[in-house]
Number of protein chains: 2
Amino acid sequence: MSLRHAVLGLLSEGSASGYDLMKLFDLSLANVWPATQSQLYSELGKLAEAGLVDVTAEGPRGRKEYTITEKGLAELRHWLTEVPPARVLRSDMLLRVFFLGRVSPEEAKAYLSGQAELARKQLEHIESIRGLVENGTDNLSVYGRLVLEYGHRLARSQQEWAEWAQKQIG
Amino acid sequence: MSLRHAVLGLLSEGSASGYDLMKLFDLSLANVWPATQSQLYSELGKLAEAGLVDVTAEGPRGRKEYTITEKGLAELRHWLTEVPPARVLRSDMLLRVFFLGRVSPEEAKAYLSGQAELARKQLEHIESIRGLVENGTDNLSVYGRLVLEYGHRLARSQQEWAEWAQKQIG
DNA sequence: CAGCTCATGTAATGGGTTACATGATTTT
DNA sequence: AAAATCATGTAACCCATTACATGAGCTG
């Protein structure tokens, strides 16, 4: 049920339409909590019905601008401070590692070296966008940088692990 | 669609019933690809219908023993070597970080220190089970140790990050 | 024979993905 | 006038979670 909170979170920084939110999702939360357009619109409907957001303006082309309500803000803060984050790490990549014994050592190593390479690329990518976000004093940028740093460390760990793991085989 | 491959992977180590598989899931794949009992039984039905597994024995209490077929093994190997792992990291924990600006710096720090503490406990837990799995020469143990090492590095990174992030606030 | 473990299944619900459908407004 | 962008919505399908339902066979 976290899409709800992702939407409330973005709206807590300012009013926006479904369309605006979609763009925001794509450029800020995409790597942490991806959402599709149809999901977003239906969630906004539910949030409005529950009184956590209001439609505060209607523009051209049926545009609806949503604004978070007091109740919505309270729910957001409650979620942030009192609901324990339930992490379920489901990793396709790690699942395969369990079964690498079913293929040849060469294939297993190739898999791991592919993962190392992917992590290296991810690392580069993060470094390249770091520059773009390093100015920016709004909340989303400030805390977004903490998330980016997490991603950076994760990618580095992953690369090192994949290189180490290759050596364990054979 | 990876539950299917998790099941094939386990069956590639030896035949088992749904009940057996459930126990195997809980003690080996639980942290990488959790599955519920009802999911498992329905997946086994689908796998049998698709000819990727066969029912090779029936025991007391309606027990059905499933065995992977050649077709199933081929599918498993195909998945291992040719299907690029699509990682979608959806993290409740990181999502909150984006919105920590909505609560007081004290609350934000408390959140991060809670995460550091959780990571520390996770690290301890991994170290404690490391001893138990360190012998064991079957495929699942050998490659399971690579996964465990990943978990260890991840937990350590997470702890260090959460401690670092706390210092960035304020 | 009571209680535990083994063993399989169904039903309801919710979240996520993909595809489809439609049309207004702005830009070139 | 065509093309791009803005903008919202619906429908079908799959996967996952929770709860329910049932009963056979072993163990003390």
Side-chain angles (χ1 to χ4, degrees), chain A residues 1-8 10-11 15-27 29-50 53-66 79 83 85-92 95, chain B residues 1-8 10-11 15-27 29-50 53-66 79 83 85-92 95:
Chain A
M1 264 256 301
S2 282
L3 175 64
R4 153 160 305 203
H5 300 107
V7 171
L8 288 174
L10 288 178
L11 287 178
S15 300
S17 68
Y19 192 83
D20 296 339
L21 287 172
M22 196 60 232
K23 280 186 293 179
L24 273 173
F25 258 89
D26 282 345
L27 65 84
L29 308 184
N31 294 298
V32 161
W33 206 273
T36 60
Q37 177 252 18
S38 70
Q39 236 185 315
L40 244 177
Y41 282 106
S42 77
E43 190 61 46
L44 281 167
K46 286 182 226 159
L47 282 166
E49 197 170 350
V53 304
D54 281 339
V55 177
T56 45
E58 308 217 7
R61 279 163 296 195
R63 180 179 206 271
K64 291 182 204 162
E65 190 164 77
Y66 291 92
W79 172 74
V83 181
R87 110 206 68 95
V88 234
L89 81 81
R90 243 198 192 100
S91 166
D92 203 356
L95 181 60
Chain B
M1 263 257 302
S2 283
L3 174 63
R4 149 159 309 203
H5 300 107
V7 172
L8 288 174
L10 289 178
L11 286 177
S15 301
S17 67
Y19 191 82
D20 296 338
L21 287 171
M22 196 59 233
K23 281 185 294 181
L24 272 173
F25 257 90
D26 283 344
L27 64 86
L29 308 185
N31 293 299
V32 161
W33 206 274
T36 61
Q37 177 252 21
S38 70
Q39 234 184 318
L40 244 177
Y41 282 107
S42 78
E43 190 61 45
L44 281 168
K46 285 183 227 160
L47 283 166
E49 198 171 351
V53 304
D54 281 339
V55 177
T56 46
E58 308 216 5
R61 279 162 296 195
R63 181 179 205 270
K64 292 182 203 160
E65 190 164 78
Y66 291 92
W79 173 73
V83 181
R87 111 207 66 97
V88 234
L89 80 84
R90 245 199 190 98
S91 166
D92 204 356
L95 181 59

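In what follows, every heavy atom counts, from backbone to side chain, and hydrogens, waters and symmetry copies are set aside.
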Could you give the CG-to-C1' distance, from A/Leu21 to D/dA7, as a whole number of Å?
13 Å
When every non-hydrogen atom of A/Tyr19 is compared with those of A/Tyr41, the smallest separation belongs to N-OH, 3.4 Å
Only residue of A/Leu11, A/Asp54, A/Leu8 satisfying side chain to side chain contact (heavy atoms under 4.5 Å, CB included) with A/Leu47 is A/Leu8
Give the rounded distance in Å between these two atoms: CE of B/Met1 and P of C/dG16.
20 Å
For atom CD of B/Glu58 and atom C1' of D/dG25, their distance in whole Å:
17 Å
Rounded to the Å, how far apart are A/Asp26 CG and D/dC6 P?
13 Å
What I want to check is whether an N or O donor and acceptor connect the side chain of A/Gln39 with the base of C/dT17 at under 3.5 Å.
no
Whole angstrom is fine here: how far is it from OH in A/Tyr19 over to C1' in D/dG9?
15 Å
In whole angstroms, the gap separating P of D/dT8 from CE of A/Met22 amounts to 12 Å
Take the protein atom CG of A/Leu40 and the nucleotide atom P of C/dG16, then report the distance between them rounded to whole Å.
11 Å
For the student: nearest non-hydrogen atoms of B/Trp33 and B/Phe25, plus distance:
O-CE2, 3.4 Å
Considering non-hydrogen atoms only, spot the tightest contact between A/Pro34 and B/Arg90 and give its length.
O-NH2, 2.8 Å
Indicate whether OP1 or OP2 belonging to C/dG9 is found under 4.0 Å from a side-chain N or O atom of B/Lys64.
yes
Report the nucleotide, chosen from D/dT8, C/dT18, D/dA16, that has the shortest atom-to-atom distance to any side-chain atom of B/Leu3.
D/dA16
Round to a whole Å and report the spacing from CZ of B/Arg63 to C1' of C/dC6.
9 Å
5'-most contact on DNA chain C (nearest-nucleotide basis), B/Lys23 vs B/Ser42, goes to B/Lys23
Determine: side-chain N/O of A/Tyr41 to OP1/OP2 of D/dT8, distance under 4.0 Å, yes or no.
yes
Any N/O donor-acceptor pair, B/Ser38 side-chain to D/dT18 base, under 3.5 Å:
yes
Short side-chain N/O contact to D/dT17 OP1/OP2 from A/Arg90, under 4.0 Å:
yes
Looking only at atom types and distance, does a side-chain atom of B/Ser2 sit under 3.5 Å from a main-chain N or O of B/His5, one as donor and one as acceptor?
no
Residue pair A/Arg61/A/Lys46 against DNA chain C: nearer the 5' end by closest nucleotide is A/Lys46
Go through D/dG9, D/dC15, D/dA19 for me and flag the one nearest to the B/Gln37 side chain.
D/dA19
